[in-house]
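Each remark here refers to the structure printed beneath this line.
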Amino acid sequence: MESLPLETAEKIILRWDSTASEDARDKLIFSGDRDEADLYLQAVDEIQRSLSSVSVSEKVNSAIQIAMARLEDEFRNILISHTNPFDPTTEDEASQTLDPPSSSSSPKHPDNDESDEVSQTSLLRFNSDGAASSVTGSYRSTSSIREIDLIPSDAVYDLRCIAERMVSSGYLRECIQVYGSVRKSSVDASFRKLGIEKLSIGDVQRLQWDQLENKIRRWIRAAKVCVRTLFASEKKLCEQIFDGVGTSIDDACFMETVKGPAIQLFNFAEAISISRRSPEKLFKILDLHDALTELMPDIDVVFDSKSSETIRVQAAEILSRLGEAARGILSEFENAVLKEPSRVPVPGGTIHPLTRYVMNYISLISDYKVTLNELIVSKPSTGSRYSGDPGIPDLDLSEFEEKTPLDVHLIWIIVILQFNLDGKSKHYKDASLAHLFVMNNVHYIVQKVRGSPELREMIGDDYLKKLTGKFRQAATSYQRATWVRVLYCLRDEGLHVSGGFSSGVSKSALRERFKAFNAMFEEVHRTQAVWLIPDSQLREELRISISEKLIPAYRSFLGRFRGHIESGRHPENYIKYSVEDLEDAVLDFFEGVTVSQHLRRRSE
């Protein structure tokens with residue numbers, strides 16, 4: 001293409017001077033005839049060439065200033081006219097197909113056991129959730145990055161032509177400012193559609209946790225779209241327009257566009273990482289940690305320049321702090337379980353809310369074992385550290401040398417839970433009920449471990465056998481505390497007399513023995529019918545065990561001595577129960593309802 005005469009070039013520049021011509025103000029060069037745009041660029045080139053001459057007229061200097069002002073307006077208009085609403089939902093759905101499975105998929109909160117009783121203490125809460133013209137963009141070094149074309153290629157060509165001339169004329173700062181202003185507004189609009197709010201670290205820390213849980217879920221989805229699509233596509237656009245135009249101009253424009261939004265995005269995760277620690281926060285913090293871990297390779301690719309190092313460093317520091325927070329919460333959780341202070345016995349010796357909460361909690365921990373095995377690198381401080389302290393249980397770590405630190409932490413939590421429950425059992429005035437309470441709670445622990453293959457593997461069958469032995473021992477202790485004294489009434493000792501005309505059996509002693517048995521059994525029946533064994537199989541097993549001892553003993557006693565009572569007056573005052581009556585009465589035990597309620601049920 002032949003160069004234009006300088007005079008012609010000046011006339012073209014002045015014809016499009018928007019400050020001097022209303023017609024020039026109403027029209028846009030790059031929105032009209034392509035030849036007109038090319039001619040204007042050629043005129044700018046000629047003016048720029050003339051600037052290198054020794055003698056530059058004031059007229060030429062004026063022309064270049066007018067041209068740059070015009071190109072700045074054209075640059076801004078092209079950017080604005082091709083900034084359409086970004087549809088984050090399309091990219092969110094697409095990104096989900098690329099994400100590897102998370103260590104946990106929306107796990108239920110540890111307080112979501114429907115049968116849990118609601119309770120609360122000071123330490124643990126037991127009751128305690130730019131536009132895409134195409135979506136087939138190019139890929140970078142990680143398969144998860146999805147670059148899309150934010151602006152059509154013909155518009156990108158025009159923007160690059162303008163940028164080259166503005167930069168070569170010394171208008172780099174103006175070019176970067178215009179570009180950053182328009183594109184940042186686009187990114188901000190995309191943030192709003194993704195539900196990313198402008199919250200300071202202080203704002204985040206003042207929110208209630210239930211509000212934060214929803215925001216964390218939204219943030220994880222949004223962060224993936226932002227890093228892998230939005231930021232990556234903005235970086236691609238900067239390279240298409242500015243790469244080769246000047247030294248690191250593409251990176252400068254990219255950071256002008258996304259630095260503020262990126263800091264805003266990561267400030268939320270940072271606020272969570274340094275917030276006050278409490279047990280219910282652990283799993284959302286681990287979700288954040290997993291999401292950020294997945295994103296780190298993409299962050300390193302998208303923010304790979306020296307000027308964007310602050311973003312990479314911020315993300316890496318947040319990831320480290322999230323890991324530290326998870327470790328701290330686990331330690332504080334162990335301490336809270338050990339020292340949970342409730343002293344009021346649960347009615348009927350049933351499962352304590354603490355037991356349900358803790359076992360649901362460690363079941364969730366097992367769902368995150370991949371992440372936690374990376375974060376938890378030391379076993380709990382037990383053994384010699386706590387030797388001689390009656391307020392803290394001991395655990396011989398040599399038994400668990402083959403276990404991971406996380407496995408031992410879970411075992412330790414169960415140990416201190418049992419220790420706490422043993423303390424709570426002492427608040428029962430009835431020793432039988434205390435044993436029943438221990439049996440119920442340790443049985444629940446065993447069932448929760450058996451019911452989770454991952455948790456069972458982590459705890460191990462050896463320790464599970466110890467737990468099973470403990471609840472069986474508690475069941476045996478209950479039977480001894482309750483039934484030894486009842487069965488003692490059915491012994492022969494003290495009933496026989498010798499000499500004289502006696503039949504060999506003291507009727508008065510026999511009557512007192514029947515009366516004592518009746519009174520004891522009535523009391524046991526009255527009190528233990530309202531006791532509760534929630535697990536139906538365990539309840540049935542204990543009833544069978546009771547019947548196997550009680551019924552044969554009573555049948556034998558009744559068979560040997562019934563005649564002596566029935567031959568006297570008012571035998572009904574002494575023989576109140578048939579064998580069948582006792583069998584039926586045992587079925588009332590551990591239902592958690594009164595005897596009168598049982599009687600009403602039978603009559604219906």
Side-chain angles (χ1 to χ4, degrees), residues 103-104 107-108 110 113 124 279 282-283 286 290 323 326-327 329-338 340 351-352 354-387 392-423 425 437-477 535 537-538 541:
S103 61
S104 175
K108 73 172 186 175
D113 190 322
L124 289 177
L282 176 62
F283 304 106
L286 290 173
D290 285 349
R327 287 188 292 272
I329 288 174
L330 184 60
S331 177
E332 291 177 17
F333 176 72
E334 292 169 352
N335 190 53
V337 172
L338 178 64
E340 194 282 315
I351 300 163
H352 198 284
L354 176 66
T355 307
R356 295 186 186 276
Y357 181 89
V358 171
M359 292 311 299
N360 287 335
Y361 196 88
I362 68 171
S363 292
L364 276 180
I365 288 177
S366 69
D367 292 338
Y368 288 85
K369 70 175 185 178
V370 174
T371 300
L372 285 169
N373 272 325
E374 296 174 358
L375 295 176
I376 308 299
V377 295
S378 60
K379 295 180 180 181
S381 299
T382 63
S384 59
R385 174 183 170 188
Y386 296 138
S387 292
I392 303 177
D394 205 358
L395 180 66
D396 185 1
L397 294 181
S398 65
E399 297 179 24
F400 309 106
E401 290 180 353
E402 302 301 317
K403 291 290 183 183
T404 68
L406 177 61
D407 295 346
V408 180
H409 274 275
L410 295 193
I411 293 170
W412 173 239
I413 291 171
I414 293 175
V415 168
I416 56 181
L417 171 60
Q418 291 180 85
F419 183 81
N420 191 314
L421 292 171
D422 286 341
S425 72
F437 170 78
V438 172
M439 180 197 72
N440 272 328
N441 282 269
V442 178
H443 179 266
Y444 181 84
I445 294 170
V446 169
Q447 293 302 100
K448 290 295 284 188
V449 173
R450 285 177 176 167
S452 167
E454 287 194 338
L455 187 55
R456 181 167 186 166
E457 180 184 356
M458 296 172 78
I459 298 300
D461 286 341
D462 288 343
Y463 189 70
L464 188 58
K465 288 177 183 177
K466 288 187 177 182
L467 289 171
T468 302
K470 178 162 183 174
F471 89 73
R472 294 198 183 282
Q473 179 59 47
T476 300
S477 297
D535 185 89
Q537 182 177 344
L538 180 62
E541 287 177 358

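Computed from heavy atoms alone, side chains included, the values below leave out hydrogens, waters and symmetry copies. Being a predicted model, the structure only gives us computed values, none of them experimental.
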Return the set of residues passing salt bridge (charged side-chain N to carboxylate O under 4.0 Å, His left out) with [X] (not counting sequence neighbours), or none when no residue passes.
X: E457; result: K369
X: E374; result: none
X: K465; result: none
X: D535; result: none

Got a salt bridge between D422 and K470, using NZ or NE/NH1/NH2 to carboxylate O under 4.0 Å? yes
Hey, are E399 and K466 close enough for a salt bridge, meaning a charged N less than 4.0 Å from a carboxylate O? yes
Residues at least two apart in sequence or cross-chain that pass ring-ring contact (aromatic ring centres under 6.0 Å, His included) with H443, listed by chain then number, are F471
Give a yes or no on whether the backbone of [Y] and the side-chain of [X] come within a donor-acceptor separation of less than 3.5 Å.
X: H409; Y: E334; value: no
X: N420; Y: I416; value: no
X: N441; Y: Q418; value: no
X: R456; Y: G451; value: no
X: S452; Y: V449; value: no
X: S331; Y: R327; value: no
X: T468; Y: L464; value: yes
X: D407; Y: I459; value: no

Suppose we screen for side chain to side chain donor-acceptor pair (under 3.5 Å). Which residues come up paired with S477, at least two apart in sequence or across chains? Q473
Go through the steps to decide whether Y368 and D290 satisfy the test side chain to side chain contact (heavy atoms under 4.5 Å, CB included), and finish with yes or no. CA-CA 10 Å; Y368 288 85; D290 285 349; 4.2 Å; yes
Decide yes or no for [X] and [Y]: does some side-chain heavy atom of the first lie under 4.5 Å from some side-chain heavy atom of the second?
X: I413; Y: P380; result: no
X: F419; Y: L338; result: yes
X: K448; Y: N360; result: yes
X: Y357; Y: H352; result: no
X: I365; Y: F283; result: yes
X: V358; Y: I445; result: no

Please work out which of the three classes, parallel, tilted or perpendicular, describes the rings of F400 and Y463, given edges at 30° and 60°. perpendicular
